[in-house]
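Reviewing the structure listed below.
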There are 2 protein chains.
Amino acid sequence: MSAQTEFRASKKTKIKDVDAGKKPLSSGDKEKDKQQTLALASEIGLQQEMLYAGQHHKLLVVLQGTDTSGKDGTVKGVFNSINPQGISIVGFKAPSTIEKAHDYLWRIHQQVPIAGEITVFNRSHYEDVLVTRVHNWIDSGECERRYAHICDFERMLAETGTTIIKFLLHISKDEQARRLQERINDPEKNWKFDPQDLEERQSWDAYQELFASAIQATDADHAPWYVIPADSKTHRNLAIASVVLETLQALKLKPPPANPALAGLKIV
Amino acid sequence: MSAQTEFRASKKTKIKDVDAGKKPLSSGDKEKDKQQTLALASEIGLQQEMLYAGQHHKLLVVLQGTDTSGKDGTVKGVFNSINPQGISIVGFKAPSTIEKAHDYLWRIHQQVPIAGEITVFNRSHYEDVLVTRVHNWIDSGECERRYAHICDFERMLAETGTTIIKFLLHISKDEQARRLQERINDPEKNWKFDPQDLEERQSWDAYQELFASAIQATDADHAPWYVIPADSKTHRNLAIASVVLETLQALKLKPPPANPALAGLKIV
């Protein structure tokens with residue numbers, strides 16, 4: 001089974017029922033899995049060179065997940081063998097005053113990939129239907145309207161040449177406790193600990209419900225959601241690298257054709 | 001001798017007299033030099049994590065050089081072990097209509113690094129005193145005024161917390177011929193060949209003169225130029241990685257202090 005099929009969300013996916021610890025792609029040997037991920041990452045790098053050469057396709061990768069779910073680690077583990085020239089990593093933090101004065105898709109639209117490039121959103125417009133709804137900054141009617149905006153926006157991007165893949169990094173509540181505790185116990189990691197994370201943790205169940213409803217509302221063949229069991233960092237990277245590579249391979253990228261005008265030309 | 005001292009341009013540097021083939025940092029063994037560069041790149045990655053953690057310093061790296069001088073290769077070889085989250089690679093191409101309607105520093109200013117980040121300019125505002133002057137789109141008076149603007153701009157960046165280092169990748173005219181010829185001879189590399197490069201090659205000497213005058217006009221201790229012999233790709237990466245690492249080490253970065261409020265905290 002392809003990784004795409006393995007992890008693709010369905011309209012019925014209940015996030016809280018997905019086992020965050022499962023490792024369907026694992027060889028059973030952690031070292032081997034790491035080597036396999038390195039090989040995939042390197043192959044993604046080769047595919048990206050052709051994407052860049054062709055100056056035609058655009059790939060948008062969306063990473064979502066609770067705090068500590070491993071979005072930064074994914075960026076580092078999966079997209080680190082790509083020529084940095086052809087990839088753009090965009091982290092969306094709390095919106096600035098100017099950003100807030102615009103519609104919520106304004107800052108997102110500015111960062112979508114250009115032809116020949118891969119862009120990774122570390123958090124995204126989905127924060128505007130997750131965080132906002134959990135905190136009751138928007139009501140359910142506004143949330144539904146936003147799902148519709150997002151569907152429209154993503155369809156427009158797809159129809160104008162952007163390949164979109166969306167990952168939910170799914171960890172268990174216990175695993176989040178372990179990861180937060182690590183940041184507390186190691187003084188050199190204290191700077192990574194944001195007290196806000198504890199507050200968000202209070203809303204764990206609400207987030208799981210919202211992930212499910214956001215996926216149901218916005219999953220589409222042109223903008224598929226993949227739910228990645230992410231308690232194991234090694235397997236998470238393996239899984240995401242596999243889906244990314246399969247997605248690129250499906251584009252059937254090739255180096256641009258030779259230029260006949262150059263045949264036999266000698267530089268002096 | 002430090003790499004910074006080895007390659008630092010002086011007011012008297014005549015680019016055309018610098019031997020593009022020299023390899024002062026080489027061990028004499030290419031494989032060893034590559035391993036050494038990997039080790040430096042990995043150390044740069046660790047430094048960058050502290051830069052990111054501190055959210056204070058900003059590093060701006062400017063790469064300039066003729067076509068085929070290895071700017072893309074430098075990005076790939078020196079900055080590829082950094083968490084992509086903390087580095088931004090900006091390639092400046094021919095300005096768009098909107099960019100042209102602004103002053104030439106407008107699009108540059110938008111891309112300078114934020115606190116905690118490294119930004120690499122692959123080409124930069126120096127194109128606006130090099131290409132423009134070679135083609136006589138600006139006269140010598142305008143060129144002098146722009147040197148002054150650039151000095152002012154870079155001093156402002158430095159005084160507001162940006163560490164700036166500028167590299168001229170210096171290759172010989174023969175080496176450029178070899179590299180262009182490679183792109184012609186290999187059909188799969190034809191897409192990398194831009195006929196414009198041949199036209200620019202006609203102005204080789206003019207570019208060498210202008211590099212020298214731009215360096216003379218804009219070299220400063222807060223925005224130093226390094227002239228990197230770049231006929232050898234391996235040694236070029238070794239040299240640039242060495243200067244970048246020395247620059248970061250001089251910032252004496254440390255992980256932020258432990259947070260006493262977290263001592264003994266248990267996540268439930």
Side-chain angles (χ1 to χ4, degrees), chain A residues 45 49-50 52-55 68 71-91 120 122 173-174 176-193 195 197-198 201 254-268, chain B residues 45 49-50 52-55 68 71-91 120 122 173-174 176-193 195 197-198 201 254-268:
Chain A
E49 191 177 74
M50 286 187 287
Y52 185 79
Q55 292 286 309
T68 77
K71 299 179 291 295
D72 291 357
T74 299
V75 167
K76 204 166 175 178
V78 175
F79 299 101
N80 208 3
S81 295
I82 293 181
N83 185 342
Q85 195 71 38
I87 185 163
S88 181
I89 315 289
V90 187
V120 180
N122 183 338
K173 199 171 177 186
D174 286 352
Q176 189 187 53
R178 273 190 291 276
R179 294 184 185 182
L180 289 172
Q181 194 66 57
E182 234 177 71
R183 295 178 180 181
I184 289 169
N185 294 353
D186 180 350
E188 292 216 345
K189 284 192 180 172
N190 278 186
W191 65 272
K192 293 188 181 181
F193 184 85
D197 292 356
L198 278 190
R201 185 171 161 81
K254 284 186 198 134
N259 181 350
L262 297 183
L265 187 65
K266 287 279 167 234
I267 304 289
V268 286
Chain B
E49 189 175 78
M50 284 188 288
Y52 184 79
Q55 293 285 308
T68 77
K71 299 179 290 296
D72 291 358
T74 298
V75 167
K76 205 164 175 181
V78 175
F79 299 100
N80 207 3
S81 296
I82 293 180
N83 185 342
Q85 195 72 35
I87 185 162
S88 181
I89 314 289
V90 187
V120 180
N122 182 339
K173 199 172 177 185
D174 286 351
Q176 189 187 53
R178 271 190 292 275
R179 294 183 185 184
L180 290 173
Q181 194 66 56
E182 233 176 71
R183 295 178 181 182
I184 289 168
N185 294 353
D186 180 350
E188 293 214 345
K189 283 191 181 171
N190 278 186
W191 65 272
K192 292 187 182 181
F193 183 85
D197 293 356
L198 279 189
R201 185 170 161 81
K254 284 186 198 132
N259 180 351
L262 297 183
L265 186 64
K266 286 280 168 236
I267 305 290
V268 285

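Naming: A, B, ... by sequence-line order, numbering from 1 per chain. It should be emphasised that the depicted structure is a prediction, and the values quoted were computed from it without experimental measurement.
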| remark: Honestly, the part of A:Val268 sitting under 4.5 Å from a heavy atom of chain B is backbone

| Tell me, side chain or backbone of A:Leu198 under 4.5 Å from chain B's heavy atoms, or both, or neither? | side chain

Could you state the interatomic distance from [atom1] ([X]) to [atom2] ([Y]), rounded to the nearest 0.5 Å?
X        : Y        : atom1 : atom2 : result
B:Ile89  : A:Ser88  : CD1   : OG    : 10.0 Å
A:Asn83  : B:Asn80  : CG    : CG    : 7.0 Å
B:Leu262 : A:Arg183 : CG    : CZ    : 11.5 Å
A:Lys173 : B:Ile267 : NZ    : CD1   : 11.0 Å
A:Lys192 : B:Glu49  : NZ    : CD    : 4.5 Å
A:Asn259 : B:Phe193 : CG    : CZ    : 8.5 Å

| query | Hey, which of B:Gln181, B:Arg178, B:Lys189 has the most heavy atom pairs under 4.5 Å with chain A? | reply | B:Gln181

| query | Among B:Gln85, B:Gln176, B:Gln55, who wins on heavy-atom pairs under 4.5 Å with chain A? | reply | B:Gln85

| query | Does some side-chain heavy atom of A:Pro256 sit less than 4.5 Å from a side-chain heavy atom of B:Asn190? | reply | no

| If you tally heavy-atom pairs under 4.5 Å against chain B, which of A:Gly54, A:Pro255, A:Ala53, A:Ala177 wins? | A:Ala53

| task | Under 4.5 Å heavy-atom distance to chain A, tell me which part of B:Arg201 shows up: side chain, backbone, both or neither. | result | side chain

| task | Below 4.5 Å from any heavy atom of chain A, which atoms of B:Pro187 appear? Answer side chain, backbone, both or neither. | result | both

